[in-house]
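Quick note: numbers below take in every heavy atom, side chains included, and nothing from hydrogens, waters or symmetry partners.
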Amino acid sequence: MSVSSPATVTRLDVQAVKDYLLSLQDHICSTLESVEPIARFKQDAWDRPNGGGGRTRVIAGGEVIEKGGVNFSHVMGDNLPPSATVDRPELAGGRFEAMGVSLVIHPNNPFAPTSHANVRLFIVYKDGMDPVWWFGGGFDLTPYYGFDQDCIHWHQTAYDAVEPFGEGYYTRFKKWCDEYFYLKHRGEPRGIGGLFFDDFNEGTFEHCFAMMRAVGDAYTQAYLPILERRKDHEFNEQQRDFQLHRRGRYVEFNLVFDRGTHFGLQSGLGRTESILMSLPPEVRWTYEYQVETDSAEAKLTEYYLTSKDWLWV
């Protein structure tokens, strides 16, 4: 997480953001439970001595959802960690406040993709400076077996969410997503992308907050139709094995590259169990794992995990 130039503070309504994030967590959990017949989210509320805390909600062992987490956190600290001051070292040592909702859903069925979403607000307070604030967030999709219909729907929903707030926002945030969720050591993207934005403080606080809300609200609109289409698809052990190997890429990205994970662990204020809830329950690594040429498994990397303008496929 980096810092861009300070934004003009018009009305820093932190409580309104917190109220929205809590309601978003409730909405996403209830929506996902509507397609899961046997499992329900379990809540673990936690607090920090400095007044921060959160609500960790995890679902596991379902017929549709093998494991998922939808977390709200609100943490404060006296010293920004290194991951937050790379581009603005003058903010080092500042007090900070961060809040957000972050989620990852790992379905059972290999034909149902993993999904991730996050929306957040970050504020830095330092003597002699106005508060520096920025929003961030987005959502991205990680299929194991791709379907054009799903990819187009996912990206169309992303476009509809952000384009009303600024012409070209979808193109800009899609590119950012493609570049961010990229495994450099593998030379491949994590999935088919979506939206990613950080350090966002263009215009008023109200304008930026409204765009963050649009992204948060769009997640279930983007994911639920896909999950409903794919959750009952027949699959075999070979396809399950492929899913577990591809999940390994997901773990590699989160532990090696993800700035949110690094921030939570470096700051010492996050809750380790909540930070690492994004990891799948089962995963597999096999030395020099290969798939057959001209197979559905090969098509994932050769077709779906390539740069595409999905709105025009």
Side-chain angles (χ1 to χ4, degrees), residues 17-76 98-110 112-121 137 139-142 144 215-228 230-232 240 243-244 247-248 250-251 253-255 258 260-261 263-265 267-284:
V17 178
K18 184 173 182 178
D19 290 344
Y20 166 73
L21 292 170
L22 288 168
S23 68
L24 177 66
Q25 184 190 36
D26 290 340
H27 168 72
I28 292 173
C29 289
S30 63
T31 301
L32 291 169
E33 285 182 340
S34 71
V35 297
E36 171 51 62
I38 65 172
R40 291 295 177 263
F41 281 94
K42 292 181 170 53
Q43 177 167 297
D44 183 12
W46 51 276
D47 296 301
R48 288 288 184 241
N50 63 359
R55 303 190 311 196
T56 297
R57 291 182 180 172
V58 174
I59 189 169
E63 285 185 11
V64 176
I65 301 172
E66 187 172 0
K67 181 188 175 187
V70 183
N71 294 344
F72 165 81
S73 64
H74 182 194
V75 298
M76 306 98 169
M99 64 178 69
V101 166
S102 180
L103 69 97
V104 177
I105 303 299
H106 294 289
N108 270 307
N109 197 305
T114 287
S115 68
H116 160 260
N118 175 276
V119 285
R120 57 192 177 273
L121 168 65
F139 49 74
D140 64 285
L141 196 70
T142 304
Y144 308 104
V215 172
D217 293 344
Y219 165 74
T220 52
Q221 300 168 27
Y223 189 52
L224 197 66
I226 297 171
L227 186 59
E228 289 180 321
R230 308 304 169 196
K231 65 184 177 65
D232 297 319
R240 170 66 171 174
Q243 177 195 42
L244 297 184
R247 281 180 175 176
Y250 204 92
V251 172
F253 179 86
N254 280 27
L255 296 182
D258 186 67
T261 301
F263 171 80
L265 298 176
S267 69
L269 297 172
R271 185 171 178 271
T272 301
E273 283 296 310
S274 301
I275 295 166
L276 298 181
M277 67 85 199
S278 63
L279 303 183
E282 290 190 47
V283 65
R284 190 168 295 162

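Here the side chains of Trp46 and Ser73 are in contact, with some heavy-atom distance below 4.5 Å. Inter-residue side-chain proximity for Leu32 and Ile105 is flagged as met; some heavy-atom pair is nearer than 4.5 Å. By the 4.5 Å heavy-atom criterion applied to side chains, Thr56 and Gln43 are not counted as neighbours. With a 4.5 Å cut-off on side-chain heavy atoms, Val104 and Tyr250 count as touching. Put simply, the side chain of Asn118 does not reach to within 4.5 Å of the side chain of Leu103, judged on heavy atoms. With a 4.5 Å cut-off on side-chain heavy atoms, Phe41 and Ser30 do not count as touching. Between Leu227 and Pro107, some side-chain heavy-atom pair lies under the 4.5 Å cut-off. His27 has its side chain within reach of Thr220: a pair of non-hydrogen atoms, C-beta onward, lies under 4.5 Å apart.
Glu63 contributes no side-chain N or O that, together with a main-chain N or O of Ile38, makes up a donor-acceptor pair within less than 3.5 Å. Looking at Arg55, its side chain does come within 3.5 Å of a backbone N or O of Leu22 through a donor-acceptor pair. The backbone N or O of Leu141 lies less than 3.5 Å from no partner atom in the side chain of Tyr223, so there is not a single donor-acceptor pair. Here the side chain of Arg247 pairs a donor or acceptor atom with the backbone of Glu282 at under 3.5 angstrom. Looking at Asp47, its side chain never comes within 3.5 Å of a backbone N or O of Gly53 through a donor-acceptor pair.
Interatomic distance, Ser34 OG to Leu224 CG, rounded to the nearest 0.5 Å: 5.5 Å. Rounding to the nearest 0.5 angstrom, the gap separating the CG atom in Asp26 from the OG1 atom in Thr31 is 10.5 Å.
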Practice problem: Run the numbers on His106 and Thr114 for side chain to side chain contact (heavy atoms under 4.5 Å, CB included), then give the verdict. | Solution: CA-CA 5 Å; His106 294 289; Thr114 287; 3.1 Å; yes
Quiz item: Going through the checks in order, is the side chain to side chain contact (heavy atoms under 4.5 Å, CB included) test met by Phe72 and Ser102?
Solution: CA-CA 7 Å; Phe72 165 81; Ser102 180; over 6 Å; no
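Across every non-hydrogen atom of Arg230 and Ala112, the tightest pair is CB-CA, 3.7 Å. Residues Val101 and Leu21 approach most closely at CG2-O, 3.3 Å, considering heavy atoms. Between Ala222 and Phe139, the shortest heavy-atom distance links the atoms CB-CE1, 4.4 Å. When all heavy atoms are compared, the tightest approach of Val70 to Cys29 is CB-SG, 3.7 Å. Smallest separation of non-hydrogen atoms from Gly68 and Ile65: N-CG2, 3.9 Å.
Between Arg57 and Glu33, no side-chain nitrogen of the basic residue sits less than 4.0 Å from a carboxylate oxygen of the acidic one, so the salt-bridge criterion is not met. Using a 4.0 Å cut-off between charged side-chain N and carboxylate O, Glu66 and Arg240 make a salt bridge.
Using a 3.5 Å distance cut-off with no hydrogens or angles, the side chains of His116 and Thr142 do not pair a donor with an acceptor. No side-chain donor-acceptor contact under 3.5 Å links Tyr144 and Asn109.
Scanning for side-chain hydrogen bond (donor to acceptor under 3.5 Å, both in side chains) contacts around Glu228 gives an empty result, with sequence neighbours left out.
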